[in-house]
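Here the structure is laid out as structure tokens; the discussion comes afterwards.
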Amino acid sequence: MEFGEEHYSIGFFSREGYRRLRCRSCGKYFWSLTERETCGEAPCEPYTFIGSPPTRRPYSVPEMREAFLSFFESKDHRRVAPYPVVPRWRKDLYLVSASIVDFQPHVTSGASEPPANPLVVSQPCIRMVDIEKVGPTLGRHLTIFEMGGAHAFNFPGRDVYWKDRTVELCLEFMEGLGLRAEEIVFKEGIWAGGGNAGPCYEVIHSGLEVATLVFMSYRVLNDTLEELPVRTVDTGYGVERYAWLSQGTPSAFQVIYSSIMDKVSSIIEIPELNSEAFARYARYSAWIQPSPGFGPREARHQAAKLAGVNLDYILPALERLEQVYKLLDHTKSIAFILADGVVPSNSKVGYLARLLLRKSQRILEIMGRGDALPELVSLQVEIWGRDFPRLREMREEILELASHEVRRFKESVSRGLSQLERELSEMKRSNKPLTSESVARIYEERGLTPDLVISKARAMELETPSIEEVEELMISRHIEASRERGEENWVAGALQVAGGLPKTEKLYYEDPYASSFEAKVLASSNGLVVLNRTLFYPEGGGQVGDTGVLRWSRGEARVTDTQILDGVIIHFVGGEAPPVGETVQGQVDIERRLNIMRHHTATHILIGSVRRALGRHAWQMGAKKEAEAARLDVSHHKPLTQEDVERIERLANEVVARRLPVKVMWLPRSTAEERYGFTLYQGGEAPLGEVRVVEIPGWDAEACGGTHCANTAEVGLIKILKVERIQDGVVRLVFAAGAAAHKQISETITQLQRRVELVERALRQLKLGYSKLIEGYQESVLREFEKLEREQPDRFKSLETAVAGMAAKIWSFSKSYQKEEMIGNVRLIFDFRPVVDDAYFAALASEAVRHNAPAASLVVGRSKTGIVAAVGLNRHLSRLGLTPKLAAERLGASSLRVVNEEVAVFETSARDPREIYGEFRRLLESL
RNA sequence: GGGCCGGUAGAUCAGUGGUAGAUCGCCCGCUUGGCGUGCGGGAGGCCGCGGGUUCGAAUCCCGCCCGGUCCA
């Protein structure tokens, strides 16, 4: 694509005496007041402003921004507040990369009015494409910068201004800064993007491109240009670049971050550079154009050679400085992106946030300040929050998300490292070198950066590739994957039916409660029916399509789904379809629709609750409202706790109870954005033209095309049924409202009751079965025992002891004895056992006194003749002179058997075990 | 949205078609005044889910789910 001279030759230039010249170095045409050999843009010439700023005075970034804005204000442009850096109003971009993005596609296409015309804005823009160049180019490349945009939208029959005025304004602005017109060059260029194109001028001063003046006037269709109905003046002034020009420092970073440099240097060391040598090097920094095969190292050498600077002397400080610059730049981007409520994740804009965070964190770790990232981000919030209040408002969320992401990164790295160590020692053992392929693979699989992998390998004395080799390999691997948009299969058929038909009249917006209507059939084939008007809501905005019936004179058809295509609503019918021209009576399944409506309004209520409960980083990432239940996907970095869920649910039900009206209105886009902010676009991009706003006053406002209840009270109970993490950084709430909630709850309760019954029954059976089982075993065991006692008395004896011991151990382990108390420093254990057996009792008594302190035990049971007891006294007690025999005698033993030095078993004539116990206590007390 | 890697004992992982393993942790015993240590013993696995190939699948193939990671 090329534009001829006629596109650039304007009246203003000929009036003022500009000449069209061709650059000897780059071959491009440019316009200049004076004779020149080159276009003046680096690298055709070096930067001449470094060390000798050409403006009347130095400007800081805020000063330059204000100078720019107020200049255009004085020229009838209205100042507009900057837009977010995350363009929620469009889905083809992750970040705002230019000021014109704020007005695409709705204004540039002519569908909506701009907030003002002409207008001026200083728009923070983020571009990830240059991320590798940030630092080495000393500020020519930044991931985040402010684009001063002066825009005029020339609607058909309503021209504002075009090329002449644009150039004139640019010149006047620059002259106002004290720049001489003779030194300004307008270089011819072509701008193309997003299917649009137009000629442009790059405005050059002192080697630096400081602005681009684009005249967006064409649409690109199959390689041919077609004039656009709306011709847009799209100018972008580099606010930071003008400020840099005005200060003439070696790097732009010194200008942009001057107010926090002191604080930053207290966190990380910022090297001192010989300012003279650095300045000379900086003049040639435009030659630093890292590309595949020409890494930062070569680029630096080339610039140094041209500048006549001995690089070896400044290199260590320079490299470190570049890293500091990267950090400054990336942390600013992080602050802005997180301020717009982006949750770092592994896809889409969340990934870009993660990338910036991880790159910054890695640099800090190499510097030995792996803990400093939140502090740096906090500094950014502080300085930029003055001009962009959103940063301050979101401070808490920004720091929480950044810290959380750093934590995750550390976990990921330590996981990767342990794996890496194994892999490397395996290589070491088999004496294999670490290849570039392996390094690239490890980065892609586990996110360990090549520098980290290589340094680990070198520490193990493995043969390694250089970082440059690895980077080259990774770049060469990138093959652009073609994007293929799979259309849903119904679209092809629907296009045949709906193609060329007028947009269907949407009756459901007039009265969302209405259920029957009359309409004419405009098209009908293959089970697809188009009417001139309908109450059937087509699937959209996460709300499912309506179902119902179409009746006509000779039949009726069931509508199973409803869709919309280019404003034409398509009814999917089963069975016979009404013929074209027929008048049909439509009947929407109103109960179903009402349930869906309640779910839709409930979704709006919930998103308000979620943002209040979790923080303003929580955005709707998707939603689906059906008749039985609905779901809401929300960006959030952590799994939800029970408390989170309860809080969200409580807040939501409070809104229901407050009986708030649900207001629906159509507003001009810019009015809506001004009044409600960009949280309007929870549901994603909104259709062109006016915006339909659904507002729950004081709670939530969203651009939404759905059908809603008139009052929150109609929603009824909102019940969250399930919470799950569906992907990195996104949680899903499944919920039900109103009648559906009631149904879900009662079903759940019924199910629970059924389960409880089952469990209870199973328990009863288990108990029964268990005791039967035990009884059976007891019997057979007893029989076996009796047999054994008769036939082999010796073995019986030892077996009996062993079994008794085992039982005693279980008893002692489970602490199932009846009483345990301290008498002075003596632990006394008492138990009553229904089954009497000497060996068993002895074992119990013995087991009970296994302590490392004085302990006594008394186990009693009732025999036919009286009471059988075992007394146990451990060695700590026998040292005091109390023996089991002595104790037994004091307790009135009639027959007595001393089992060992700790235990004795005896019988007494006492009736009540408590008598013996009391006596035993008194005995112990007397010690 | 796409590519790549992974899912085996509580944790970290090995196991590439033929009886499921190691280390740590846990439990028990011995060692100790006690804890730790040391020694000995033990428990713990739908080998993510589903399908296919096979005489036979943790292992090969397909699909799904989950986690990680890179890229748009």
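First the proteins, then the strands, lettered A, B, ... as listed; each starts at 1.
- Going from the C1' atom of B:C61 to that of B:U16 covers 14 Å, rounded to whole Å.
- Among the protein residues, A:L355 comes within range of the sugar-phosphate backbone only, with heavy atoms under 4.0 Å from sugar or phosphate atoms but none that close to a base.
- Nucleotide B:G21 has B:C13 as its partner under the Watson-Crick or G-U criteria, with both atom distances under 3.5 Å.
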Quick one: do A:E400 and A:K638 satisfy side chain to side chain contact (heavy atoms under 4.5 Å, CB included)? Show the steps, please. CA-CA 11 Å; A:E400 156 68 12; A:K638 285 188 208 165; 3.2 Å; yes

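- Nucleotides B:U23 and B:G33 are separated by 30 Å at their P atoms, to the nearest Å.
- A centroid separation of less than 6.0 Å is found between the aromatic rings of A:Y83 and A:W89.
- Remark: the separation of the P atoms in B:G56 and B:G18 is 15 Å, to the nearest Å.
- A salt bridge between A:K428 and A:E463 is absent, with no side-chain N of the basic residue lying under 4.0 Å from a carboxylate O of the acidic one.
- Among the heavy atoms of the strands lying under 4.0 Å from A:Y443 are primed sugar atoms or P, OP1, OP2 only; no base atom is included.
- Atom name C1', nucleotides B:A43 and B:C66: the rounded distance is 29 Å, in whole Å.
- Contact annotation: A:R441 does not reach the phosphate of B:C70 (side-chain N/O to OP1 or OP2, under 4.0 Å).
- Between the side chains of A:D561 and A:Q563, a donor-acceptor pair is found at a separation under 3.5 Å.
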Protein-nucleotides 10-13 of chain B N/O pairs under 3.5 Å:
| from | atom 1 | to | atom 2 | distance (Å) |
| --- | --- | --- | --- | --- |
| B:C13 | OP1 | A:R422 | NH2 | 3.3 |

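- A:S347 comes within 4.0 angstrom of a nucleotide base, judged by non-hydrogen atoms across all strands.
- You'll find that the side chain of A:E445 is closest to B:C5, out of B:C5, B:C70, B:G67.
- Remark: B:G6 base-pairs with B:C66. Criterion, Watson-Crick or G-U wobble with two distances under 3.5 Å.
- Within the structure, every side-chain polar atom (N or O) of A:R354 is placed at least 4.0 Å from both OP1 and OP2 of B:C70.
- With a cut-off of 3.5 Å on both pairing distances, the Watson-Crick or G-U wobble partner of B:G1 is B:C71.
- On the C1' atoms, B:A9 is 13 Å away from B:A14, given to the nearest whole Å.
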